[in-house]
Colleague: 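Could you have a look at this structure, given as structure tokens, before my questions?
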Amino acid sequence: GTGTGESDGDSMVGLEQHVIDLEYAIRFVQNEEAFHDLQISLVGHSWGGYAAAAVLNVEPKISSVVSISGFSSTYDLELDELNDKIGTIGDLAFPYLKLTQLQKFGKYEHYSGINGFRKTNTPGLIIASEDDDVVAPEFGYKLYKSKLPESRLEYLIFNQRGHHPYWTDEAWQKYSD
């Protein structure tokens with residue numbers, strides 16, 4: 001991901017950048033002859049879960065997606081964060097936010113995980129925890145369930161696992177210690 005770890009870039013630019021980065025990674029794999037007979041499945045956590053589902057808007061040949069603690073739309077999180085910091089006046093800033101994101105990311109600005117799944121027949125697994133304090137359930141699995149009740153999406157919902165529902169009890173204990 002741009003601007004993270006040892007990748008190029010001084011910053012992450014925005015969450016939509018991860019969809020762009022993932023699209024380029026998928027194209028690279030698709031163009032490598034050694035991989036031509038392989039199916040591509042995506043697994044992502046948090047913004048990676050968002051990117052794995054949202055990239056379906058431009059890469060419909062993905063065989064499956066697992067979104068762990070992911071969200072569908074960057075705007076849900078950004079507006080929620082704005083409202084937390086400055087109250088409902090954040091709603092007034094929303095059109096400006098959309099405009100700046102459109103200028104930065106073009107077509108990627110409006111991609112969401114829900115729209116990605118709607119455009120494809122790709123099966124998905126949504127993994128989350130009821131008590132996620134980073135991606136609120138109403139922006140993650142609850143939104144997916146309400147907008148995409150199709151049987152090709154499965155849900156694995158935990159409780160008391162926070163933003164890391166894949167951690168084992170032992171991992172939680174080490175984290176707590």
Side-chain angles (χ1 to χ4, degrees), residues 1-7 9-23 25 41-57 62 64-91 93-94 96-98 100-101 104-105 108-117 122 124-149 153-177:
T2 298
T4 61
E6 295 184 25
S7 66
D10 296 332
S11 75
M12 294 185 331
V13 184
L15 294 171
E16 293 86 350
Q17 183 64 44
H18 298 291
V19 178
I20 297 167
D21 293 345
L22 183 54
E23 179 185 11
S41 293
L42 302 174
V43 178
H45 173 254
S46 196
W47 79 55
Y50 152 72
V55 80
L56 294 174
N57 287 279
I62 302 302
S64 62
V65 168
V66 178
S67 177
I68 306 166
S69 301
F71 48 93
S72 175
S73 166
T74 60
Y75 291 113
D76 295 333
L77 294 182
E78 290 163 345
L79 185 58
D80 187 52
E81 184 73 19
L82 268 175
N83 287 338
D84 278 353
K85 290 187 180 196
I86 61 174
T88 56
I89 198 165
D91 292 336
F94 190 69
Y96 174 75
L97 175 64
K98 282 191 74 80
T100 59
Q101 296 301 80
K104 268 197 233 178
F105 299 110
Y108 297 90
E109 171 271 335
H110 69 274
Y111 289 160
S112 71
I114 288 172
N115 288 340
F117 277 115
T122 304
L125 174 61
I126 309 296
I127 302 173
S129 182
E130 290 280 349
D131 64 328
D132 190 332
D133 61 348
V134 176
V135 176
E138 62 265 23
F139 304 133
Y141 84 89
K142 286 184 177 181
L143 186 60
Y144 277 102
K145 269 188 163 181
S146 70
K147 302 286 185 183
L148 298 169
L153 294 182
E154 294 185 36
Y155 298 88
L156 185 56
I157 310 303
F158 295 92
N159 198 5
Q160 304 302 313
R161 294 287 182 172
H163 194 57
H164 306 284
Y166 51 87
W167 283 6
T168 63
D169 289 340
E170 181 182 356
W172 275 106
Q173 187 59 50
K174 284 183 180 183
Y175 177 75
S176 297
D177 291 347

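Counting begins at 1 with the first residue of the sequence. The shown structure was predicted, so the numbers you read here are calculated from the model rather than taken from an experiment.
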Colleague: In Å and rounded to the nearest 0.5 Å, what is the OH to CG distance from Y155 to L125?
Modeller: 10.0 Å
Colleague: If only atom types and distance count, is the side chain of N159 paired as donor or acceptor with the main-chain N or O of E130 below 3.5 Å?
Modeller: no
Colleague: In the structure I gave you, are the side-chain heavy atoms of R161 and Y166 within less than 4.5 Å of one another anywhere?
Modeller: no
Colleague: Checking the side chain of D131 only, and the main-chain atoms of G162 only, is there a donor and an acceptor separated by less than 3.5 Å?
Modeller: yes
Colleague: For a 4.5 angstrom cut-off between non-hydrogen side-chain atoms, does I68 reach V43?
Modeller: yes
Colleague: Rounded to the nearest 0.5 Å, what separates atom CH2 in W47 from atom CG in L22?
Modeller: 13.5 Å
Colleague: Do Y144 and Y141 have their ring centres less than 6.0 Å from each other?
Modeller: no
Colleague: Hey, could you give me the CG/NE2 distance between D21 and H18, rounded to the nearest 0.5 Å?
Modeller: 7.0 Å
Colleague: So, D169 and K174, do they make that salt bridge, N to O below 4.0 Å?
Modeller: no
Colleague: To the nearest 0.5 Å, tell me how far L42 CG sits from L56 CG.
Modeller: 7.0 Å
Colleague: Answer yes if the ring centres of H164 and Y175 are under 6.0 angstrom apart, and no otherwise.
Modeller: no
Colleague: Report yes or no: does N115 contribute a side-chain atom to a donor-acceptor pair with the main-chain N or O of A54 at less than 3.5 Å?
Modeller: no
Colleague: Please report the closest heavy-atom contact between G113 and A53, naming both atoms and the distance.
Modeller: CA-CB, 3.6 Å
Colleague: Using only atom types and a distance under 3.5 Å, with no angle test, would you say the side chain of S72 pairs donor to acceptor with the backbone of I114?
Modeller: yes
Colleague: With rounding to the nearest 0.5 Å, note down the distance linking CD1 in I127 to CD in E154.
Modeller: 10.0 Å
Colleague: Mind checking whether Y50 and V19 have side chains closer than 4.5 Å, heavy atoms only?
Modeller: yes
Colleague: Backbone N or O of P137 within a donor-acceptor pair of the D132 side chain at under 3.5 Å?
Modeller: no
Colleague: Report the C-alpha separation of H163 and S129 in whole Å, then their side-chain angles, then the decisive distance to 0.1 Å, and conclude whether the side chain to side chain donor-acceptor pair (under 3.5 Å) test is met.
Modeller: CA-CA 7 Å; H163 194 57; S129 182; over 6 Å; no
Colleague: Begin with the C-alpha distance, continue with both residues' side-chain angles, and end with the deciding distance and a verdict on side chain to side chain donor-acceptor pair (under 3.5 Å) for S73 and S112.
Modeller: CA-CA 5 Å; S73 166; S112 71; over 6 Å; no
Colleague: Say whether, by atom type as modelled, one donor and one acceptor occur between the side chain of S64 and the main chain of S41 under 3.5 angstrom.
Modeller: no
Colleague: Less than 4.5 Å apart, any side-chain heavy atom of E23 and any of Y108?
Modeller: yes
Colleague: Before you tell me yes or no, could you show the steps for E138 and L143 under side chain to side chain contact (heavy atoms under 4.5 Å, CB included), namely the whole-Å CA-CA distance, both residues' side-chain angles and the distance that decides it to 0.1 Å?
Modeller: CA-CA 5 Å; E138 62 265 23; L143 186 60; over 6 Å; no
